Amino acid sequence: MPRITLPDGSIRQYDAATTAAQVAADIGPGLAKAALGAKINGKLSDLSTLIEHDCALALVTPKSRDGQVDTDALSMLRHSCAHVMAEAIQKLYPGTMLVYGPALDTGFYYDMAFASGRAPSTDDFAAIEVEMAQIIAENRPFTRYDLTLDAGLSKLQTEGSKFKIDNAERAKEGGSTTLSWYATGSPSTNWEDLCRGPHIPSTGRIGAFKITSLASSYWKGDETLDRLTRVYGTAFATKPELEAYLKQVEEAKKRDHRLLGKQLRLFHIDEMVGQGLVLWTPRGAVVRQELQTFIGEALREQGYQQVFTPHIGKLELYRTSGHYPYYRESQYPPIVDHDAMSKLASEGCSCGELANRLERGEVEGYLLKPMNCPHHIRIFASEPHSYRDLPVRLAEFGTVYRWEQSGEIGGLTRVRGFTQDDAHLFVREDQVSAELQGCLALVKLIFATLGMSDYRVRVGLRDPTSDKYVGESANWDKAEEACRSAARSLGVPFSEEPGEAAFYGPKIDFVVRDVIGRSWQLGTVQVDYNLPIRFDLSYIGADNKEHRPVMIHRAPFGSMERFVGVLIEHFAGAFPLWLAPEQVRVLPISEKSEEYAKEVLAAIKALGMRATIDAGNERIQARIRDASEAKIPYLAVVGPRDAQQRVVSLRAFGIDANLGELPLDQFLLRLGAEYRTRGSESLKAALTP
RNA sequence: GCCACCGUAGCUCAGUGGUAGAGCACACCCUUGGUAAGGGUGAGGUCGAGGGUUCAAUCCCCUUCGGUGGCUCCA
């Protein structure tokens, strides 16, 4: 006698067990038609799930009452589409074994093991899609049936897919007492797949779908296990939604920093120089320099001291720090000098042997620095310190080199050589909390100044079950609490992620997404009790005894490369005035006004600003178009009328209109103010109606 | 590093087993035009590199370098 409570609080009572589909039908034919699934006591379920007991029931439809797309519905739809795709592929590629096919935020994928040499290519998508369309047109019901664990496992053993057997065994370990299959149609006659579900009622409910890409993956994400082929796709309830999504993806791609970097000539990566090695061209260098100047001002206010250190250091330094050999895989190989090399060669030393000798410290070499901390530590250690001197804050735009896997490198966001806006703070125990706050204030200042609000904060804590961390538990407790309270003080949500701490201490990371949805860590603040011990750092306390300082590693931008990459996408290439490589372009209407235009140009340059003149042969329309495409913040159009009245006719990027005339001296005053205040006094905003 | 796809002029891209084309950009000429493309002429390519098949390769095959999407990794 189930009593079913609906989301509006109303209760429906049934004499016997029923289904969500029946409840939907009883409420109304429209709902019955729209429903894709149900939430029974909060658990996403098939519409056909038998309801035998009292429960709370919510029907899941593609769009919720307020017209928003329902993510649960979309997720069921996509997972169901993954089944349809798997069936199509297994039909076209007999012998293909299925592994795992979940829904994603933007679609779905299915991992598959193809018979060797039989994997499809992107050219085969169309054929697969035709097959899928057929299955959808047949509108076959997704039919669930359950077997006991034993019966299910023996069925899987007979079928012989180790992947599915493994899935079933994991379900067993997870506490399942039965195994479920979903047939697309009728069990025993139609295609079926071991699956926990839930699914939409029938294939016909998949309104629109598309196979999007192909990738390889590892079974269970473990590179020592089987290599699988992952086929990605997406699906929506309706065709217009799919089209809108595809269009949105296209639009996002136009903001891609790799594309804009080329169009706007911000940076260049040259295969002759090397993969992942960024060449900052003059225009991009301006952006970076402005950011460095900006943060540099904040650093001076916070009492940082600037240092410079070289790009390499002795291997022994990194043996002490622990970077070598623990992270050797991520480093460029050591540099060995000529004499040592000749000597080794004359001894017939093999490469393998050389590696071993480097490892054991029998051959000395230099390392391209993977991190700046060891150099900064040696600066700190170069003179004695009193407790009165602390905190010592050493800052450097330090360039580091890491051997990233070739397949992972791309654009500015993942590179092999990058410059961190790095600093290391050597602080007393009692200063940790306040200094952390200071570091976070810097990150906050950056995000606020640049108008970036779409970021996520991650507090990386130690894994309580692991013993891979150094330092005393009491110190960790203090450090973690300092990180937590510092993160709390930011006033934005953050996630605590156990196991994400560095081995020497907890950290706070700032994570943003790029235009294609990938997450990147930008700023980071880390508390470190370990390196001071490894380098035996000390200061003299008020008690005239030696004490161990605590280190804070922090880089509010993260790396200049990655940050600028993300920033290009954030602004879609249209930088605010203070960052823009070219801030103003002066456009004389014709040669008759060129003299005055040059005068305007000189006056802007006298403000220390970046301006050019385009006195080319083209008509003004064409030159305005060129300047707009270059995303230049201000265009000063000057013709004979302007020259006579000593005004400029202004245009601002993003406003497709003449903003009117402004007296030259006014223009210069307000332009300079906007630049100096980094946009808080905006000329454009003042002129915009 | 792994899998798939891609690599043709500075950029965006056509194209073909018989040694290449467009648009934009560039140069020059005409035009001196008041707010998103004025007109003309011209220059520009070892078709990423190496090897193979073929009478003949930019095109087919192999290798390699680089790019893209994922996987893995990211101290």
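Since this is a predicted model, take the numbers as computed values, not measurements. Order of the sequence lines fixes the chain letters, A, B, ..., with proteins taken first and strands second; residue numbering starts at 1 for each chain.
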For A/D105, all residues meeting salt bridge (charged side-chain N to carboxylate O under 4.0 Å, His left out), sequence neighbours excluded: none

Contacts of type side chain to side chain donor-acceptor pair (under 3.5 Å), residue A/N530, not counting sequence neighbours: none

Any residue of residues 512-533 of chain A with a heavy atom less than 4.0 Å from an atom of RNA chain B: A/I516, A/R518

For nucleotides 38-43 of chain B, print each protein N/O atom paired with a nucleotide N/O atom at under 3.5 Å, atom names and distance only.
from: B/G38; atom 1: OP1; to: A/E618; atom 2: OE1; distance (Å): 3.1
from: B/G38; atom 1: O4'; to: A/R619; atom 2: NH1; distance (Å): 3.4

Within residues 634-645 of chain A, residues whose heavy atoms come under 4.0 Å of RNA chain B: A/V637, A/G639, A/P640, A/R641, A/D642

Those residues of residues 582-596 of chain A lying under 4.0 Å from RNA chain B by at least one heavy atom: A/I589, A/S590, A/E591, A/K592

Anything under 3.5 Å between a protein N or O and an N or O of nucleotides 26-28 of chain B, put it in a table, one pair a line.
none

Residues from residues 248-267 of chain A lying under 4.0 Å of RNA chain B - heavy atoms: A/R258, A/K262

Range-with-range stems of RNA chain B (Watson-Crick or G-U pairs under 3.5 Å, three or more in a row): B:1-7 with B:65-71, B:10-13 with B:21-24, B:26-30 with B:38-42, B:48-52 with B:60-64

A/A215, nearest nucleotide to its side chain (from B/U35, B/C65, B/G69): B/G69

A/S330 side chain near B/C74 phosphate (N/O to OP1/OP2, under 4.0 Å): no

RNA chain B-proximal residues of residues 220-234 of chain A, any heavy atom under 4.0 Å: A/G221, A/E223, A/R227, A/R230, A/Y232

side-chain contact (heavy atoms from CB on, under 4.5 Å) against A/D514, all qualifying residues, sequence neighbours excluded: A/I516, A/R518, A/W520, A/E569

side-chain contact (heavy atoms from CB on, under 4.5 Å) partners of A/P498, counting only residues at least two apart: A/P464

